[in-house]
Structure formats: C-alpha cells, structure tokens
Protein chains: 2
Amino acid sequence: MRNSLSDVVAAALRVLDAQGLEGCSMRRVAAQLDVQPSALYHHVPDKQTLLALMADDIVRGVGESAREPREFCVELRDAMLAVRDGADVVATAAAFRLGASQIEDRLAELAGPDGARTLLLYTFGHAQSTQTHVQAAALGALLAPARPAISAAAPSTAAPDPAADLDASFGRGLDIILAGLAAFAPTRRD
Amino acid sequence: MRNSLSDVVAAALRVLDAQGLEGCSMRRVAAQLDVQPSALYHHVPDKQTLLALMADDIVRGVGESAREPREFCVELRDAMLAVRDGADVVATAAAFRLGASQIEDRLAELAGPDGARTLLLYTFGHAQSTQTHVQAAALGALLAPARPAISAAAPSTAAPDPAADLDASFGRGLDIILAGLAAFAPTRRD
DNA sequence: ACCTGAACACCGTTCAAGT
DNA sequence: ACCTGAACACCGTTCAAGT
C-alpha cells in the first residue's frame with residue numbers, strides 16, 4: 001500500500017497552504033507525493049471532490065464545544081484563516097451543500113436554520129475578503145519592502161493594524177446579526 | 001478601429017452567460033470576437049481585470065434609486081442572478097476592493113459602514129449559493145429528464161418551487177440583519 | 001490496490017511582427 | 001491603435017498497462 005486517501009488530502013492541504021488555491025493543481029499535489037498525476041484518480045474522482053475533502057478537514061471539529069453562536073462563528077473563522085485560501089475552499093465546497101452540511105446543522109442547533117445560514121454566509125464572506133486583503137497586503141509589502149520612514153510623524157494613531165481592524169469589523173457584523181436574531185426569537189426566560 | 005474595450009467586456013459577458021464562469025476563457029472570448037486570443041491583451045492587462053470590468057457591468061446602476069437597504073439588496077441580488085455565475089464574478093471582484101467599491105459606498109449611506117458590509121457579504125453569499133443550487137438542479141433535471149409520474153399522489157404541498165424557497169430564505173436572512181441594524185441604530189424619529 | 005507513461009484537449013500570457 | 005502567428009509553460013482527465 002503506497003498512499004491512502006488521507007495521504008492525498010494531507011498533501012493537497014500542504015500544497016494549498018504553500019501555493020494558495022491557484023497553485024493547488026492536481027499535478028502539484030501529485031508531485032508532493034512523488035507520484036504521477038494520474039495516480040490521484042485512483043483515490044478521488046476529480047479535483048472538485050478533493051477540494052470538498054480538504055474543506056471537511058479544515059472545518060473538522062469546529063464548534064463542537066461551542067455553546068453560543070458567536071463562539072461558533074469565531075472558531076469557524078479561525079479555522080478557515082489558519083490555512084492559506086482556506087475560506088475560499090470551505091465557502092465553495094459549502095455552497096454545494098448549503099442546507100446539508102454538518103457545520104450548518106450544528107450551528108442551526110444554536111441559532112435556528114435561518115440564523116445559521118445567515119451567520120455562515122456572513123462568516124464565509126468576511127473570512128474570504130479578509131484573506132484576499134491579507135494576501136494583497138503581503139504582495140504590496142513585497143513590492144515596496146522599505147518601511148515608510150518619511151511620514152512617521154504621527155506616532156500611534158497612524159498605524160492601524162489591518163488584521164485587528166478586520167477582526168473588529170467581523171465582530172461588529174456578528175453583533176448586528178446576533179442582535180437581529182435576538183429580536184426575532186428573544187431569549188427564552190422560562 | 002476594430003474592437004473597443006466595451007466590445008471585449010460585452011463579448012465576455014455573453015460567453016459567461018452562455019458557458020458559465022468555468023467556460024469563460026480568454027480564448028473563448030476572443031473567438032466570440034473572431035480574433036486571436038493575444039488580441040485581448042491590447043484591451044486588458046489580464047483576465048482578472050476583465051472579470052472586474054464584467055462585475056462592474058453586472059452591478060451597474062444597482063440601488064441608484066433605492067431608499068432603503070432592503071430594496072437595495074434585492075436589486076443587487078436580482079442583478080447578479082440575471083447572468084449565469086454573476087454572483088461569483090461580482091463577489092470575487094468585490095472582495096478585492098471591499099471598503100472601496102461603489103456599491104458599498106452607496107449602501108453605506110443607507111445602512112452605515114458596518115451594516116453595508118454585513119448586508120453585502122450576506123447578499124453575495126446567498127446569491128452565490130442560490131446560483132450553485134439552480135445550476136445543480138438544472139444538471140439533475142438533465143440527467144433525469146422524465147417527469148416523476150409515479151409519486152404524483154400528493155398534489156400541491158409536495159412540489160415546493162426551489163426558486164421561491166431561496167427567495168424566501170434570502171428575505172428572512174435580510175430581516176434578521178435589518179432587525180439587528182435597527183437594534184443598534186434605532187430609526188430616528190425627529 | 002496502487003501506480004506509470006503517454007496522450008488529449010485544453011489553459012493564460014508574451015512577444016515579435018504586421019497594417 | 002489593433003491585430004496575427006507562433007510559442008511557452010502550464011492545466012484536468014482518461015486509459016491501457018504494469019506490479
């Protein structure tokens with residue numbers, strides 16, 4: 001026995017993290033395993049399926065111990081942000097089975113079906129745009145590597161950590177949706 | 001003068017609508033214009049830019065007369081759903097300039113910056129998953145073309161129009177977010 | 001069961017050259 | 001300004017054949 005399905009998925013996730021979604025080709029995954037591209041098709045019917053398995057792996061265990069929707073969404077976001085282009089992979093795979101995914105079912109127990117869908121779409125979308133921006137910033141830093149020594153007059157307010165900004169922005173959107181959910185189904189106080 | 005930039009964008013949108021995003025290659029757009037693939041690079045630096053221009057075209061004019069966020073989002077969704085894979089194209093292009101897009105600015109006037117971002121991410125995500133499902137359903141209908149004559153016993157409740165379901169689902173999510181926005185910044189009654 | 005080798009039908013992009 | 005022709009470095013997938 002040379003390679004198993006989970007070897008393939010693990011290799012694909014390594015390639016994804018190293019090269020991004022665009023560079024995550026079947027041929028590169030095969031190379032990562034020191035195997036011909038055609039060998040992958042023994043384990044997986046096509047690339048789309050492989051991407052779905054990678055998405056499952058990325059979100060594995062998310063929200064298993066979460067007791068409220070907010071905690072759940074933050075965990076999900078962290079899991080997606082932990083691997084390069086993870087949000088894209090998860091969101092695309094999830095779109096194919098919205099209404100049938102495990103995470104959606106789990107979140108629905110905390111927030112109801114409509115709440116779960118709304119929170120998930122928001123969380124996916126925000127994570128995707130976060131990763132797009134982080135990526136663009138990294139590229140910009142590469143193209144202009146020197147630190148901006150000139151306009152360093154304004155000391156502390158001038159350098160807003162973009163990651164922290166995005167975290168805060170995510171939290172505020174979450175607050176809005178959760179407030180809306182509370183308005184629709186006010187906390188039971190039996 | 002043979003072809004202008006807008007000819008290229010228009011041709012690309014025709015190819016998109018006919019073949020979907022996956023089939024919308026530079027080579028096919030060129031063929032649509034009866035031109036060599038390399039000719040496109042006289043009008044556009046790369047495919048990504050062409051996709052951004054297509055996205056601009058798809059959302060052109062959306063929400064210009066909208067007086068409330070709900071109307072705005074419904075209009076935006078309709079515009080994206082009007083062309084095959086339109087939501088994907090718009091969402092991907094928008095992710096690259098979240099915080100700097102025209103639609104976001106316009107919606108921010110109605111719902112504030114956080115509200116606009118939350119509503120947009122939700123609207124993009126829901127439209128994307130809607131189109132994914134419509135597409136999958138169309139494919140399923142192709143693979144099983146005969147009408148289900150056997151289990152036609154239950155007359156009216158059994159056949160829930162999936163498009164109507166998705167419309168309703170979108171509306172409920174919108175209601176949740178708008179209720180949350182109202183809770184955060186209650187309607188001014190001067 | 002797992003893999004090789006070779007092939008098929010594609011991609012996006014570049015570049016010199018034409019008009 | 002707009003386009004051709006040819007090339008480069010890739011893709012995903014299939015399939016017979018090997019072990």
Side-chain angles (χ1 to χ4, degrees), chain A residues 1-56 84-85 88-89 92-93 95-96 132 135-136 139 142-143, chain B residues 1-56 84-85 88-89 92-93 95-96 132 135-136 139 142-143:
Chain A
M1 191 192 55
R2 325 266 252 284
N3 281 306
S4 70
L5 175 58
S6 31
D7 292 333
V8 172
V9 175
L13 284 168
R14 285 197 304 274
V15 175
L16 177 70
D17 204 47
Q19 320 275 353
L21 182 53
E22 198 167 292
C24 189
S25 65
M26 296 298 269
R27 294 174 116 102
R28 284 220 247 242
V29 174
Q32 169 84 19
L33 291 166
D34 270 310
V35 130
Q36 293 300 107
S38 51
L40 298 180
Y41 292 87
H42 184 81
H43 303 277
V44 119
D46 51 31
K47 189 181 182 178
Q48 196 187 136
T49 302
L50 178 54
L51 285 168
L53 292 169
M54 294 160 70
D56 284 345
R84 162 122 91 125
D85 287 343
D88 263 297
V89 173
T92 304
F96 254 98
T132 302
Q135 200 170 300
L139 206 146
L142 269 184
L143 298 185
Chain B
M1 194 191 56
R2 329 264 254 280
N3 281 305
S4 70
L5 175 57
S6 32
D7 292 333
V8 172
V9 175
L13 284 168
R14 284 198 305 274
V15 174
L16 178 70
D17 204 46
Q19 320 275 353
L21 183 53
E22 197 166 293
C24 190
S25 66
M26 296 298 268
R27 294 175 115 101
R28 284 221 248 242
V29 173
Q32 169 85 19
L33 291 167
D34 270 311
V35 131
Q36 293 300 110
S38 51
L40 299 180
Y41 292 86
H42 184 80
H43 302 278
V44 122
D46 51 31
K47 189 181 182 179
Q48 196 187 134
T49 302
L50 179 54
L51 285 168
L53 293 170
M54 293 160 70
D56 283 346
R84 162 122 89 127
D85 287 343
D88 263 296
V89 172
T92 304
F96 254 97
T132 303
Q135 200 169 301
L139 207 145
L142 269 184
L143 298 186

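In this text the structure is predicted, and so the values were computed from the model without any measurement. Letters go in sequence order (proteins before strands), and every chain restarts at 1.
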If we only count heavy atoms from C-beta on, is the [X] to [Y] side-chain gap below 4.5 Å?
{"X": "B/Met26", "Y": "B/Pro37", "result": "no"}
{"X": "B/Arg2", "Y": "B/Leu33", "result": "no"}
{"X": "A/Gln135", "Y": "A/Asp85", "result": "yes"}

query = Between the side chain of B/Asp56 and the main-chain N/O of B/Leu53, is any donor-acceptor distance below 3.5 Å?
reply =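 Side chain of B/Asp56 to backbone of B/Leu53, a donor-acceptor pair under 3.5 Å: no, none is there.
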
ask   = Between A/Arg84 and A/Ala18, is there a donor-acceptor pair closer than 3.5 Å when you use the side chain of the first and the backbone of the second?
value = yes

query = Rounded to the nearest 0.5 Å, how far apart are CE of A/Met54 and CG of A/Leu13?
reply =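 Separation between the atoms: 4.5 Å.
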
ask   = Name the stems that DNA chain C belongs to, where each is three or more consecutive Watson-Crick or G-U pairs with both distances under 3.5 Å?
value =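 Correct response: C:4-8 with D:12-16, C:12-16 with D:4-8.
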
task = Rounded off to whole Å, could you give me the NE2-to-C1' distance for the B/His42 and D/dC3 pair?
result =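 The distance from NE2 of B/His42 to C1' of D/dC3 comes to 8 Å, rounded to the nearest Å.
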
Whole-Å gap separating C1' (D/dC3) and CG (B/Leu33) = 12 Å

message = To check you understand the geometry: which heavy-atom pair defines the closest contact between A/Ala12 and A/Val29, and what is its length?
response = CA-CG2, 3.8 Å

message = If the test is side chain to side chain contact (heavy atoms under 4.5 Å, CB included), which one of B/Leu50, B/Asp46, B/Leu51 qualifies with B/Gln48?
response = B/Asp46

query = Base, backbone or nothing for each nucleotide of nucleotides 9-19 of chain C, written B, S, -, heavy atoms under 4.0 angstrom, 5' to 3'?
reply = --BBBBB----

ask   = Do any side-chain nitrogens or oxygens of A/His43 fall under 4.0 Å of OP1 or OP2 in C/dC3?
value = yes

message = For the P atoms, the ones on C/dC10 and on D/dA9, what distance do you get once it is rounded to whole angstrom?
response =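 C/dC10 and D/dA9 have their P atoms separated by 22 Å.
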
query = Can you tell me how far C1' in D/dC2 sits from the matching atom in C/dA17, rounded to whole Å?
reply = 13 Å

